[in-house]
Amino acid sequence: MISFKMPSLGADMEDGTLVEWRKQPGDLLKRGDIIADVDTQKGLIEIEFFGDGVLEKQLVEEGHKVPVGTVLALIRPTGDAGELEMPEAAPKAKQEAVPTEPPTQEKKITSPPVAEEKGKRIKISPLARKIAEMQQVDISQVIGTGPEGAIVKADIEKCLVEMKMAPEKEVVDKPAEVHQQEPLQQSAIPESEAIRRAVAAAMSRSNQDIPHYYLEKRMDMSKAMAWLKEANKERTVQQRLLPVALFIKAVAKALDDVPDLNAVWENGLQRKNEINIGFVVSLRTGGIMVPAILNADTLSIDAIMACLNDIIPRARAFKLRSSELSQSTFTITSIGEGGGDKVFGVIYPPQVGIVGFGEIREEAVVHEGMIGIKPIVDVTLAADHRATDGLVGGKFMAALNKYLQNPASL
Amino acid sequence: MNKEEIQKTIFQLLKRIAPEHDPSTLMPDENIREALNIDSFDALQFIVAISEKLKVDIPEEDYGKTATLKSLMAYLEKKI
């Protein structure tokens with residue numbers, strides 16, 4: 001039996017609230033299936049399972065906050081001969097498992113029933129539920145306009161506008177009883193505040209524990225920009241590439257050449273086999289999210305761009321998956337675009353490096369004894385001096401520059 | 001589509017990208033991205049949204065013409 005635990009989605013995460021089970025006892029699980037939605041300081045995260053099995057038993061009820069490492073569910077692995085369960089059998093198992101609770105040694109963590117579950121279950125999207133909880137909206141009073149009458153984000157927002165316009169008394173009176181029973185209320189600090197705290201914790205730890213060293217290199221972007229211009233001519237507006245997609249691929253390839261930077265520092269340097277590039281996404285309300293582009297070294301530039309088109313809006317809507325938050329092996333920050341010519345990053349522990357791309361801009365450059373105007377970018381590397389020395393950092397910067405000078409090879 | 005309708009559409013799309021800002025406060029010659037704090041990713045999403053909504057093709061070399069409200073309006077009026 002596999003104990004499926006509350007994952008750690010970063011050095012700064014201590015606990016999470018199980019918001020919704022997406023799989024029920026008896027459900028057949030395959031690699032990458034999303035089992036549950038968990039509310040963390042980084043928003044509502046979809047927790048995935050990486051294996052094959054059958055969900056045997058849920059040990060934590062929806063709405064309950066538990067520390068990292070708590071067993072959330074028991075999963076019976078499949079795959080071995082004889083243990084394979086026929087898919088047809090799964091729904092039957094599900095029906096049996098719900099009403100009759102088999103005796104187990106694990107004590108089920110119970111919580112007071114949420115008001116909405118007393119009667120008919122209200123259909124609501126996870127994001128809408130999250131906002132409703134944060135803003136203390138009584139969802140039983142909200143009319144859903146989503147699929148099958150489900151409450152969606154827009155409905156909650158509409159309700160919030162109405163609440164603001166209504167006399168204050170009404171807002172307080174109605175949901176009071178409901179919220180006394182809401183286990184989530186205890187953690188109902190504003191989302192931006194929660195993210196601020198998460199960033200503060202991770203960055204403080206980084207600055208205290210990691211002796212950073214820094215390198216900086218100005219890189220010629222003429223060839224890369226010319227390549228992008230040509231590439232974008234052939235693409236529809238929806239498929240167009242941004243320079244950052246090139247940066248991500250070039251960094252991934254450079255890490256393949258200099259694997260000591262694609263690593264974590266945990267009782268010594270531990271190299272990682274996969275190259276998963278964490279990409280800093282700034283949130284308009286303040287704070288950052290760092291979702292990972294998994295196996296970036298194996299993806300084409302178009303695939304990386306498609307990945308960004310998918311992941312950035314989800315990061316901003318606090319709708320990421322556990323693997324995207326927990327598996328990055330190196331980080332890129334690209335504050336450029338008017339914000340700064342250069343950015344010196346702070347390493348996200350336990351990683352050992354972060355590369356920063358400034359604004360791509362035209363500058364006077366000396367080339368073969370002549371001064372010319374070229375697009376350039378200032379690239380910085382901050383690396384953990386416990387893990388590597390400047391020589392390794394220098395090799396990485398040289399490799400990165402080499403790839404950016406040969407965009408077609410990416 | 002008249003000028004007012006184009007402007008209304010632009011404001012709607014900008015509001016979607018930068019909900020905390022009021023696009024109607026934009027000055028005609030102000031850089032939209034700087035004023036509304038829009039990064040390159042959102043800028044591309046804005047171009048995609050305009051292309052789809054107004055059914056115009058905006059090639060990459062014309063991005064410079066979309067920088068301010070005044071230039072964007074003039075550009076779209078010619079295209080539609």
Side-chain angles (χ1 to χ4, degrees), chain A residues 153-154 157 160-161 192 225-248 279-286 288-289 291 304-317 333-340 357-362 377, chain B residues 1 6 9-27 29-69 71-73 75-76 78-80:
Chain A
K153 185 182 161 207
E157 284 170 348
L160 279 169
V161 172
S192 55
M225 296 309 275
W227 183 87
L228 274 174
K229 198 175 166 188
E230 281 306 305
N232 281 341
K233 270 187 194 164
E234 298 162 7
R235 285 163 173 78
T236 64
V237 66
Q238 291 87 353
Q239 296 169 329
R240 274 179 209 158
L241 306 171
L242 288 170
V244 72
L246 266 187
F247 290 156
I248 290 170
F279 177 75
V280 179
V281 177
S282 56
L283 305 175
R284 301 196 69 87
T285 48
I288 50 170
M289 299 283 262
I304 289 173
M305 193 63 217
C307 208
L308 290 173
N309 286 336
D310 167 52
I311 219 168
I312 294 177
R314 281 198 291 114
R316 291 195 168 138
T333 179
S334 167
I335 196 92
E337 308 161 3
F357 289 92
E359 183 176 25
I360 300 169
R361 60 199 193 278
E362 296 203 319
V377 63
Chain B
M1 190 176 263
I6 295 174
T9 306
I10 291 172
F11 284 174
Q12 276 173 353
L13 298 176
L14 286 174
K15 188 76 187 163
R16 204 187 294 166
I17 287 170
E20 74 280 20
H21 288 285
D22 180 6
S24 63
T25 59
L26 274 173
M27 304 298 286
D29 286 319
E30 208 171 4
N31 183 298
I32 297 173
R33 281 183 57 183
E34 282 174 18
L36 303 185
N37 202 12
I38 293 174
D39 64 18
S40 64
F41 178 79
D42 277 346
L44 181 57
Q45 299 308 308
F46 177 58
I47 301 273
V48 169
I50 286 186
S51 309
E52 288 173 350
K53 192 103 183 172
L54 302 180
K55 300 194 170 40
V56 289
D57 177 40
I58 307 176
E60 198 176 38
E61 58 261 32
D62 287 352
Y63 284 4
K65 295 173 186 165
T66 66
T68 68
L69 195 56
S71 65
L72 176 61
M73 290 285 296
Y75 178 74
L76 290 175
K78 244 186 250 173
K79 281 271 196 176
I80 294 170

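We name chains A, B, ... by the order of the sequence lines, and we start the count at 1 in each one.
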- prompt: Given a strict heavy-atom distance threshold of 4.5 Å, which part of Glu34(B) is in contact with chain A: side chain, backbone, both, or neither?
  reply: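 Neither part.
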message: Please classify the contact between Ala43(B) and chain A as side chain, backbone, both or neither, with a heavy-atom cut-off of under 4.5 Å.
response: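 For Ala43(B), no heavy atom lies under 4.5 Å from chain A.
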message: To check you understand the geometry: which heavy-atom pair defines the closest contact between Arg284(A) and Ile38(B), and what is its length?
response: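 Looking at all heavy atoms of both residues, the closest pair is NH1-CA, 4.3 Å.
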field: NZ/NE/NH1/NH2 to OD/OE distance under 4.0 Å, Glu60(B) and Arg240(A)
entry: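 Looking at Arg240(A) together with Glu60(B), the answer is no, because their closest N to O distance does not fall below 4.0 Å.
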query: Looking at Arg235(A), Lys229(A), Arg316(A), which one has more heavy-atom pairs under 4.5 Å with chain B than the rest?
result: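 Most heavy-atom pairs within the cutoff with chain B belong to Arg316(A).
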query: Out of curiosity, Tyr75(B) OH to Thr68(B) OG1, how far, rounded to the nearest 0.5 Å?
result: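 Here the interatomic distance stands at 13.5 Å.
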- request: Please check if the side chain of Lys15(B) supplies one atom and the backbone of Pro23(B) the other of a donor-acceptor pair under 3.5 Å.
  value: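 No; zero donor-acceptor contacts below 3.5 Å.
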